[in-house]
Peer 1: 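Just passing along the structure, written as structure tokens.
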Amino acid sequence: MTITSGAPPTHSTPAPLARGFLTGGVAGTSLAALVVGGIIEKVPLFVAGLVVPTVYGLLLFLAGAPRRRREAAVVPRTALATIESLKAIGGESSDVPVRFDLTVAPDDEPAYRVEITQDINLVDLPDYRPRGILVVQYPPDRPWRVRIVKRPTPEWEERAAGARLDSVPGPATVSEPPEGCAFGFVGLLGLLLGAAVVIGLFRADLFDGDATARQPSSSKPSVSSTSSSSSTSSTTVVSSASGTVALGPDQSMLDKDELRRAVDALTEDKGEGEGGGKGKGEGGGKRSALTVVVQERLLSVVFSPTGTQAPQFDPRSLPYERFPALVEEARTTLGIRSPRTWQITAERLTGSLTIRVGVTGAEGTASLEADGQGKVVRRTPVG
């Protein structure tokens, strides 16, 4: 049995596509500004790479305020639901995120299945059992946004106490429509164009920097190397201002010890001064970083320029052994059912080391923050 209250709204409209293009453009522009600003040591450009996504996020929040007010003004529909199954999926406080599989039975529409995640207090958790009857609410135009009513009115509480609901087959599950291929394509296009614009505007400085780097100097030269085998490959590019490690197919930065090896490859100083003596890298190549960005197959480190007063840290001090668990927690506990991409950013803009894990999916963007030891201190779920 399937729901017949009208098809959910599609996302293949100009507004979401334009928003996806702008989001990709901002991401590409900010990342390119960080990398290019670090390479050519242009502080305003580097700072712009940090400020632009913050301002864009604030503008998105403000632009979405009217829509949120309209949605809040819609009177939710109340219905009975039965618990098909439930599973606690984590949590470090008194409220535990629980994933419910429900059969929702509206009074004037066919019943349907839906999966939701909602925080339940540990004290109340024993009250939720399979085949138990609940009172739920949801917006009429978004039936997948079901929320459990923890304190229903006496009338609905009495109905729930005497109700018996039949299960609906799993194939009738209702969920939010995916964005589709068009959304992902325009997002990628915006990212590439944003990065290309920044690189194009500062190509002269980049080329001048390359020419200067080729001249004899006692500073550490750029190093580029590529290693490959029949099944794996990686590329490492290191300069005095930044470094990147790109992995080949079927590899991930979350593989065991992969991040440690990549960071060691970027921070190890192999340069030698004139006369055969060791250069500035002597003593273990202690190189401080302004930002460390980790993606599925890419590690980027922006090193601290000489004499900078910006907050910096040792990239080798990060708790890389905690990164896989942080990514898994962000992918499974923040309300995004099918995560598409993830990114870890480590920085000290606020004075203390912050590790931010962001994930994106059809539902939007969510993130969590951890301290220098990898302990989660803040969660920002989707929506």
Peer 1: Is Glu109 close to Arg77 at the side-chain level, that is, under 4.5 Å between some pair of heavy atoms?
Peer 2: yes
Peer 1: Taking only residues at least two apart or on different chains, which pairs with a member in residues 314-362 satisfy ring pair (Phe, Tyr, Trp, His ring centres under 6.0 Å)?
Peer 2: Tyr320-Phe323
Peer 1: Report the C-alpha separation of Thr365 and Val382 in whole Å, then their side-chain angles, then the decisive distance to 0.1 Å, and conclude whether the side-chain contact (heavy atoms from CB on, under 4.5 Å) test is met.
Peer 2: CA-CA 6 Å; Thr365 301; Val382 68; over 6 Å; no
Peer 1: In this structure, would Val136 and Ile133 fall into the same cluster of hydrophobic residues linked by side-chain contacts under 4.5 Å?
Peer 2: no
Peer 1: If hydrophobic clusters are built from ILVMFWY residues whose side chains come within less than 4.5 Å, do Val135 and Val98 share one?
Peer 2: no
Peer 1: Does CZ belonging to Arg261 count more than 12 external heavy atoms closer than 6.0 Å?
Peer 2: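 Result for CZ/Arg261: enclosed.
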Peer 1: Taking atom types as modelled, find out whether Glu296 and Ser252 have a side-chain donor-acceptor pair closer than 3.5 angstrom.
Peer 2: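 Indeed, the side chains of Glu296 and Ser252 share at least one donor-acceptor pair under 3.5 Å.
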Peer 1: For Thr117 and Pro97, work out which heavy atoms get closest and say how close.
Peer 2: CG2-CB, 4.3 Å
Peer 1: Through direct or indirect side-chain contacts below 4.5 angstrom among Ile, Leu, Val, Met, Phe, Trp and Tyr, which residues connect to Val51?
Peer 2: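 Val51 shares its hydrophobic cluster with Val43, Val47, Val55, Leu59.
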Peer 1: If we ignore angles and hydrogens, is there a donor and acceptor under 3.5 Å between the side chains of Thr244 and Ser300?
Peer 2: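 Absent: no donor and acceptor within the cut-off.
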Peer 1: Do Thr332 and Pro339 make a side-chain contact, defined as non-hydrogen atoms from C-beta onward lying under 4.5 Å apart?
Peer 2: no
Peer 1: Atom CG of Leu299 and atom CE of Met253: how far apart are they, to the nearest 0.5 Å?
Peer 2: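 If we round to the nearest 0.5 Å, Leu299:CG and Met253:CE are 5.0 Å apart.
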Peer 1: Is it the case that more than 12 heavy atoms not belonging to Glu158 sit under 6.0 Å from its CD atom?
Peer 2: no
Peer 1: Tell me yes or no: between the side chains of Ser85 and Arg99, is some donor less than 3.5 Å from an acceptor?
Peer 2: no
Peer 1: With heavy-atom distances below 4.5 Å as the criterion, would you say the side chains of Leu165 and Thr103 are in contact?
Peer 2: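 In short, these two side chains do not touch, never coming nearer than 4.5 Å.
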Peer 1: So if you build clusters from Ile, Leu, Val, Met, Phe, Trp, Tyr with side-chain heavy-atom gaps below 4.5 Å, do Tyr138 and Leu86 land together?
Peer 2: yes
Peer 1: Would Leu201 end up clustered with Ile40 when hydrophobic side chains under 4.5 Å apart are linked, directly or stepwise?
Peer 2: yes
Peer 1: Same hydrophobic cluster for Val327 and Val293, using side-chain heavy-atom links shorter than 4.5 Å among ILVMFWY?
Peer 2: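 No; Val293 is not reachable from Val327 via cluster members.
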Peer 1: Got a second to check how far Arg297's CZ is from Asp255's CG, nearest 0.5 Å?
Peer 2: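 One finds 11.0 Å between CZ of Arg297 and CG of Asp255.
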Peer 1: Would you kindly say whether Glu347 and Thr354 are connected by a side-chain donor-acceptor distance under 3.5 Å?
Peer 2: no
Peer 1: Checking Thr23 against Tyr56: is there a side-chain donor and acceptor pair closer than 3.5 Å?
Peer 2: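 Per modelled atom types, Tyr56 and Thr23 side chains form a pair under 3.5 Å.
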Peer 1: Please walk me through it: do Arg379 and Glu329 pass salt bridge (Lys or Arg N to Asp or Glu O under 4.0 Å)?
Peer 2: CA-CA 10 Å; Arg379 295 178 177 82; Glu329 184 169 349; 2.5 Å; yes
Peer 1: What do the steps show when you test Arg151 against Glu157 for salt bridge (Lys or Arg N to Asp or Glu O under 4.0 Å), and what is the final call?
Peer 2: CA-CA 8 Å; Arg151 294 179 177 83; Glu157 191 172 7; over 6 Å; no
Peer 1: So with a 6.0 Å cut-off around CG of Asp166, is the heavy-atom count from everything else above 12?
Peer 2: no
Peer 1: Drop me the distance from Ser288's OG to Phe303's CZ, to the nearest 0.5 angstrom.
Peer 2: 10.0 Å
Peer 1: Can you measure from OG1 (Thr78) to CG (Asp107) and round to the nearest 0.5 angstrom?
Peer 2: 9.0 Å
Peer 1: Please output the side-chain donor-acceptor pairs of residues 118-129 that fall under 3.5 Å, not counting sequence neighbours, one pair per line with the distance.
Peer 2:
residue: Gln118; atom: OE1; partner: Ile148; partner atom: N; Å: 2.9
residue: Gln118; atom: NE2; partner: Ile148; partner atom: O; Å: 3.3
residue: Asn121; atom: OD1; partner: Val123; partner atom: N; Å: 2.9
residue: Asn121; atom: ND2; partner: Asp95; partner atom: OD1; Å: 3.3
residue: Arg129; atom: NH1; partner: Pro126; partner atom: O; Å: 3.2

Peer 1: Inspect the contact between Arg131 and Glu84 and indicate whether a charged nitrogen and a carboxylate oxygen are less than 4.0 angstrom apart.
Peer 2: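 Yes.
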Peer 1: Measure the shortest side-chain to side-chain distance between Leu45 and Val36 over non-hydrogen atoms and say whether it is less than 4.5 angstrom.
Peer 2: yes
Peer 1: Drop me the distance from Leu318's CG to Gln373's CD, to the nearest 0.5 angstrom.
Peer 2: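 Separation between the atoms: 10.5 Å.
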Peer 1: Let me confirm one number: the OH-CG distance from Tyr112 to Leu102, rounded to the nearest 0.5 Å.
Peer 2: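 CG of Leu102 is found 9.0 Å from OH of Tyr112.
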